[in-house]
Every structure is written in structure tokens, then in C-alpha cells.
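In what follows, a structure is listed as C-alpha cells, so that the remarks can point back to it.
When reading the values below, keep in mind they use all heavy atoms of this one structure, side chains included, and skip hydrogens, waters and symmetry mates. Whatever order the structure lists ligands and atoms in, that order sets their numbers, starting from 1. Values in this document were obtained by computation on a predicted structure and should not be read as measured data. Throughout, residue positions are numbered sequentially from 1 according to the sequence presented.
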Amino acid sequence: MSHNQTTYGIIGYPVKHSLSPVMHNAAFEALDVEALYKLFPLEENELDDFFDQLRQKDSPIFGLNVTVPYKEKVIAYLDSLTPFAQKVMAVNTIVITEDRKLVGYNTDGPGFIAHLHELGFDPRNKRIAVLGAGGSARAVIAALSLIPERPASIKVYNRTPERIDELLRDLGARIDTKFVEPVMSIDDLNIELADLVINTTSVGLKEGDACLIEKELFHANMMVYDLIYNPAETMLLKIAKEQGAKTANGLGMLYYQGVLAFEHWAGIPLEDPMREIMRKALCY
Ligand code: ATR
């Protein structure tokens, strides 16, 4: 492997749980493209140097994904955002142009909606409860607010309430967010009345992480969606399933956002056989 091998990758901390390399490397291999998708675990104090390097003409990196906790922070390093990323003010995909300009995309939002569609969940008039107000929450809430099948309500709880204020301020600048209601406690999410509960927090990524919701609140007429896909079954999903709820992890969202990211890097749509290769690589 030469030093200058064309490289793609994901930045975040932690990133070791990510299945993005498996999916994208399978696609490169199938297309006979000499490129490698790598994990870039970066501490916050390493971001400045990383982006300085990225702008250099001899950088081998031509595209990136972004995950916890940098989906919002990376915006400061980018040259431009797509209109949707501008609405969300969170970026999970960066395209690097030939003259090394950095363009921010958000493929999490459409990826989430595509998976919800595949699951057969129609969000129209549904009551939705969202845990978390980070970069992923922004994408999910923005996407749900923009589809024609609009939910009846989206309640949002976050450990740090100020982040919900920021989320609503940013999204509210370009999206009608009148159905989005910030709540100050998990109790006020009214989980027992929700049709869809979405975990966008990183609680569940680590072994031994608890379930943030009391088990009695889950019921058989709800869907519980955890954006986390590794582990495949978080404590949240395990308990929800035991209580009879339908459950889904974020592997489908990972797949759909990944296909879109790849298409943005390649500048062409991926044909069905290529999509199937990515899907199979994830065992999805
Ligand atoms: P991402 O870009 O993937 O959304 P993020 O922006 O770092 O990542 O957001 C992580 C989310 O997980 C936030 O909602 C965070 O809550 P805070 O804003 O209060 O930090 C939430 N989170 C992380 N650890 C948590 C914990 N132990 N308990 C509750 N929420 C937690």
C-alpha cells in the first residue's frame, strides 16, 4: 500500500464500533477502485491539524464521514454546506473537491427516512419522542419535519436542555418546527403515549450502558428505534422488545446514509447491484 493511496474515512470519537469501513471497502473492491476507507479516531484537540492536512494538495483523502461527537463541530472547518445540511446545521458527510474545497452534506436525515419507509412505519400524524439533541437528533428531527407525512408531534428531551434550544433555534431558522416540543424531563416525553421512540444519544454504545426509559412505559403499539447499530441490541431495544414493542436498530439508516454518501463522493448514482453489495457487507 503506497502512502498516497486514495483514502476515505470516518472521523469521530469513539469510531471503533463503526461498520462504515466494511460497507465502503466492499463497494470499492466491487468497483475495482484502488481506494481504502479508514477509521480516524480523533480527539477534539486534533481536529485543527487534521483539517489543515486535509486542505493540502497532496492529501490522499477525498471524502469523509463524521460521527459522534463532531457532526456539528466540523461545520466550522467547511467551505460550504448543501441546503439541507444548512437547515440541519449538522454534517455527517464531507465531499472534498478537486481544488480541495470541503463541502458538507447531511445524509443521516434522508437515510433515516428511507429506513423508516422500509420498516413500513408511516410517520403521518404519529406522536414521536426523541431522546437526545446532538447532531444525529438534528438530522432526524429536521427530516421528520420536512416530509409531507408529517408527525402530529415530536417531543425532544436532552440531558443538557440548552442544546435543545440551540437545535430549535438553528432548525427553526429554515424549517417549520411548530410540531417540535422541547421537554425538561424524560417523564414529559409521555413515552406511554408515543407511537415512535427514537434514541439519538450515544447511551447504549458502551457495554453496560443502561436503558434511559422505565420498562413499564413501553407498549405493543409502538416502534422503538435506536440509531445505535453496534451493539445490534442495546438495553433500550432489549427491554422494549420484551415489553412487546416493535424495535429497529440503526443498521438500515447506516446503509442508506452510506449509499448516499458514496454517491456524493463518486458523483454518480449507485446501481442496484452495488447497493446490494453494500447491504450484504453489513449483513443487513
Ligand atoms: P451525534 O453527533 O452522534 O448526535 P453528539 O452531538 O455528541 O453526537 O450527541 C450525543 C447525544 O447523546 C447528546 O444528546 C448527548 O447529551 P448531552 O447534549 O447532554 O451531552 C447524549 N448523551 C451522551 N451521553 C449521555 C448520557 N450519559 N446520558 C444522557 N445523554 C447522553
Side-chain angles (χ1 to χ4, degrees), residues 10-20 39-47 64-78 81 84-85 87-94 104-112 115 128-144 154-171 180 182-189 191 197-214 225-231 234-237 239 249-251 253-254 256-258 261:
I10 180 164
I11 62 170
Y13 206 90
V15 282
K16 60 176 189 295
H17 64 277
S18 173
L19 293 179
S20 290
L39 297 176
F40 293 107
L42 292 179
E43 305 260 11
E44 195 165 348
N45 63 12
E46 297 173 304
L47 287 178
L64 288 169
N65 285 128
V66 183
T67 188
V68 273
Y70 302 132
K71 289 179 182 181
E72 292 154 77
K73 287 201 183 81
V74 292
I75 290 177
Y77 296 97
L78 305 180
L81 300 176
F84 181 65
K87 288 187 174 100
V88 178
M89 288 305 276
V91 160
N92 74 312
T93 301
I94 300 173
Y105 288 70
N106 190 302
T107 68
D108 276 341
F112 174 76
H115 188 206
I128 299 181
V130 176
L131 287 163
S136 311
R138 282 171 175 254
V140 165
I141 294 168
L144 284 169
I154 305 174
K155 290 183 194 268
V156 189
Y157 165 78
N158 195 49
R159 175 181 63 176
T160 313
E162 297 77 41
R163 276 188 100 181
I164 311 184
D165 300 339
E166 290 163 19
L167 178 154
L168 282 173
R169 186 198 58 210
D170 290 348
L171 262 55
V180 184
V183 302
M184 294 304 286
S185 71
I186 292 191
D187 281 354
D188 291 338
L189 278 176
I191 298 284
V197 177
I198 307 168
N199 177 44
T200 72
T201 76
S202 40
V203 179
L205 263 185
K206 290 198 299 282
E207 210 175 307
D209 274 355
C211 173
L212 293 173
I213 297 169
E214 280 174 52
Y225 191 107
D226 200 328
L227 264 60
I228 295 171
Y229 57 83
N230 191 9
T234 56
M235 195 53 77
L236 169 76
L237 292 187
I239 292 174
N249 70 23
L251 197 58
M253 175 174 171
L254 176 79
Y256 285 110
Q257 68 75 32

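- The closest side-chain heavy-atom distance from Lys206 to His17 is not below 4.5 Å.
- With contacts defined as side-chain heavy-atom distances shorter than 4.5 Å, the pair Ile198/Leu131 does not qualify.
- A heavy-atom distance below 4.5 Å is not found between the side chains of Asp209 and Thr234.
- The shortest N or O to N or O distance between Ser202 and ligand 1 is below 3.5 Å.
- Protein heavy atom nearest atom 4 (O) of ligand 1, with residue, atom name and distance: Ser136 N, 2.8 Å.
- Close contacts of ligand 1 with Glu72, meaning ligand atoms under 4.0 Å from a residue heavy atom, involve 6 (O).
- When the shell of 6.0 Å around CD of Glu214 is examined, it contains 12 or fewer heavy atoms from other residues, nucleotides or ligands.
- Residue contact annotation: Val203 has a non-hydrogen atom under 4.0 Å from ligand 1.
- Interface atoms of ligand 1 facing Lys71, defined by a heavy-atom separation under 4.0 Å, are 2 (O).
- Of all protein heavy atoms, the one closest to atom 8 (O) of ligand 1 is Val68 CG1, 3.0 Å.
- Close approach of ligand 1 to Gly135 is summarised as follows: ligand atoms under 4.0 Å from at least one heavy atom of the residue are 1 (P), 2 (O), 4 (O), 6 (O).
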List the steps and the verdict of salt bridge (charged side-chain N to carboxylate O under 4.0 Å, His left out) for Arg169 and Glu162.
CA-CA 11 Å; Arg169 186 198 58 210; Glu162 297 77 41; over 6 Å; no
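- Ion pair Lys155/Asp188 not flagged as a salt bridge, since none of the NZ, NE, NH1 or NH2 atoms sits closer than 4.0 Å to an Asp/Glu carboxylate oxygen.
- Atom 19 (O) of ligand 1 has Thr160 OG1, 2.5 Å as its closest protein atom, hydrogens excluded (heavy atom only).
- Two residues are said to be in side-chain contact when any heavy atoms from C-beta on lie closer than 4.5 Å; Ile239 and Cys211 meet this criterion.
- Both the backbone and the side chain of Arg159 come within contact range of ligand 1, each with a heavy atom under 4.0 Å.
- Nearest protein heavy-atom contact of atom 13 (C) of ligand 1 is Arg163 NH1, 3.5 Å.
- The closest side-chain heavy-atom distance from Tyr105 to Phe84 is not below 4.5 Å.
- Closest protein heavy atom to atom 21 (C) of ligand 1: Thr201 CB, 3.6 Å.
- Geometrically, ligand 1 and Thr200 share no nitrogen or oxygen pair separated by less than 3.5 Å.
- Remark: ligand 1 and Asn158 share an N or O pair separated by less than 3.5 Å (distance only, no angle test).
- The existence of a salt bridge linking Arg138 and Asp108 is excluded, since no basic side-chain nitrogen approaches an acidic carboxylate oxygen closer than 4.0 Å.
- The shortest contact between atom 9 (O) of ligand 1 and any protein heavy atom is with Gly134 CA, 3.5 Å.
- Contacts between Ala133 and ligand 1, counted as non-hydrogen atom pairs separated by less than 4.0 Å, involve the backbone only.
- Of the protein's non-hydrogen atoms, the one nearest atom 7 (O) of ligand 1 is Pro69 CB, 3.3 Å.
- Side-chain N/O atoms of Tyr225 and His115 include a donor and acceptor closer than 3.5 Å.
- Close approach to Gly132 involves these atoms of ligand 1, each under 4.0 Å from a residue heavy atom: 14 (O).
- Residues Tyr157 and Val130 form no side-chain contact, since every pair of their non-hydrogen atoms from C-beta on lies 4.5 Å or further apart.
- The closest approach between Arg138 and ligand 1 stays at or above 4.0 Å for every heavy atom of the residue.
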